[in-house]
Amino acid sequence: LWPWLLASSGLSALVQLVTLPFFPDSPSYLLIQKGNEEACRKAIRKLWGEGDHQAEIDDIKKEKAAMTSTKSLRVLEVIKERSLRWQLYILMTAMTTLQLCGINAVEFEEYLIPYVSLGVGLCECLSSILCSTLIDRFGRKVLLWGGYTLMCSVLALLTMTLSLQHQFFWMHYFSVVLIFLFVIFYGMGP
């Protein structure tokens, strides 16, 4: 059953591969990258129907003008630029904590037990749905802080359950529940 379940994800990729040539190009791509205003108008009419879409085309032209006036920085220039220093620190902190939070261990271990793998996948779907509804209400910063705080709490509890698993037969199940909670909090926060 697992090979069929794994192969089923290839079905959606095949559908996308077959239908992709029939989708129109993005109007912004046609105007900004290709410089073809007529193709842009045609794509807009195909996407939004007939009508006056000059305001949208003007917005795309403004975006193109803003992109051409912006200078691209090299990596060393970004590091040296003082106005970008705090953004760089925040980005490095977020990426470092993301790598060191322990999700890689969960992803590796889930394949050892097939049903845990299924549960982790369901938890990832659930956390995606929850995050998409919560991010507008609370904001990214609250979700990051809350996600990391709850992940630390779950890892502390998981450490305790793993040390007590030889004394209580039900600790194994509680550990699996904690792993599922860890995945949900990871998906909602970081």
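By convention here, the first residue in the shown sequence is residue 1.
In terms of heavy-atom proximity, Ser132 sits nearest to Asp136 at O-OD2, 4.1 Å. Between Tyr29 and Lys34 the shortest heavy-atom distance is OH-CE, 2.9 Å.
Put simply, the side chain of Ile60 reaches to within 4.5 Å of the side chain of Pro27, judged on heavy atoms. Between Gln87 and Ile90, every side-chain heavy-atom pair lies at or beyond the 4.5 Å cut-off. Here the side chains of Asn36 and Leu31 are not in contact, with every heavy-atom distance at 4.5 Å or above.
Judged as a ring pair (Phe, Tyr, Trp, His ring centres under 6.0 Å), not a single pair has a partner in residues 133-164 (not counting sequence neighbours).
A single hydrophobic cluster is not seen to contain both Leu134 and Ile129; linkage of ILVMFWY side chains at heavy-atom distances under 4.5 Å, directly or through other members, places them apart. Hydrophobic clustering keeps Ile32 apart from Leu30 (ILVMFWY residues linked when any side-chain heavy atoms are closer than 4.5 Å, directly or through intermediates). Cluster membership check: Ile44 does not share its hydrophobic cluster with Phe23, using side-chain heavy-atom separations under 4.5 Å among Ile, Leu, Val, Met, Phe, Trp and Tyr. No chain of hydrophobic side-chain contacts below 4.5 Å, direct or via other Ile, Leu, Val, Met, Phe, Trp or Tyr residues, connects Leu11 to Leu20. Follow the hydrophobic side-chain contacts under 4.5 Å out from Met160 and you reach Phe169 in the same cluster.
The six-membered or imidazole ring of Trp86 lies near that of Tyr89, with a centre-to-centre distance under 6.0 Å.
Using a distance-only test at 3.5 Å, with no hydrogens or angles considered, a donor-acceptor pair links the side chain of His53 to the main chain of Gly49. Judged by distance alone, the side chain of Thr96 and the main-chain N or O of Thr93 form no donor-acceptor pair under 3.5 Å. The main-chain N or O of Val78 is never found under 3.5 Å from a side-chain atom of Arg85 such that the two would form a donor-acceptor pair.
Met188 CE to Cys123 SG: the interatomic distance, rounded to the nearest 0.5 Å, is 12.0 Å. Between atom SG of residue Cys125 and atom CG of residue Leu130 there is a gap of 11.5 Å, rounded to the nearest 0.5 Å. Once rounded to the nearest 0.5 Å, the distance linking CG of Leu164 with CZ of Phe174 reads 10.5 Å. To the nearest 0.5 Å, atom CG of residue Asp59 and atom CD of residue Gln54 are 10.0 Å apart. Taking SG from Cys40 and NZ from Lys61, the interatomic distance works out to 8.5 Å, rounded to the nearest 0.5 Å. The CD atom of Gln33 sits 11.5 Å away from atom CG of Asp25, with the distance rounded to the nearest 0.5 Å.
Applying the side chain to side chain contact (heavy atoms under 4.5 Å, CB included) test between Ile179 and each of Leu158, Thr161, Ile184 identifies Leu158 as the sole match.
Comment: Arg41 engages Glu37 in a salt bridge, judged by a side-chain N to carboxylate O separation of less than 4.0 angstrom.
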**OP:** Might you work through the side chain to side chain contact (heavy atoms under 4.5 Å, CB included) test for Leu143 and Cys131, ending with a clear yes or no?
**Re:** CA-CA 8 Å; Leu143 287 182; Cys131 183; 4.1 Å; yes
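The environment of Arg140 atom CZ is dense: over 12 non-hydrogen atoms of other residues, nucleotides or ligands sit within 6.0 angstrom.
Classification of the Phe182-Tyr186 ring pair by plane angle, with boundaries at 30° and 60°, yields parallel.
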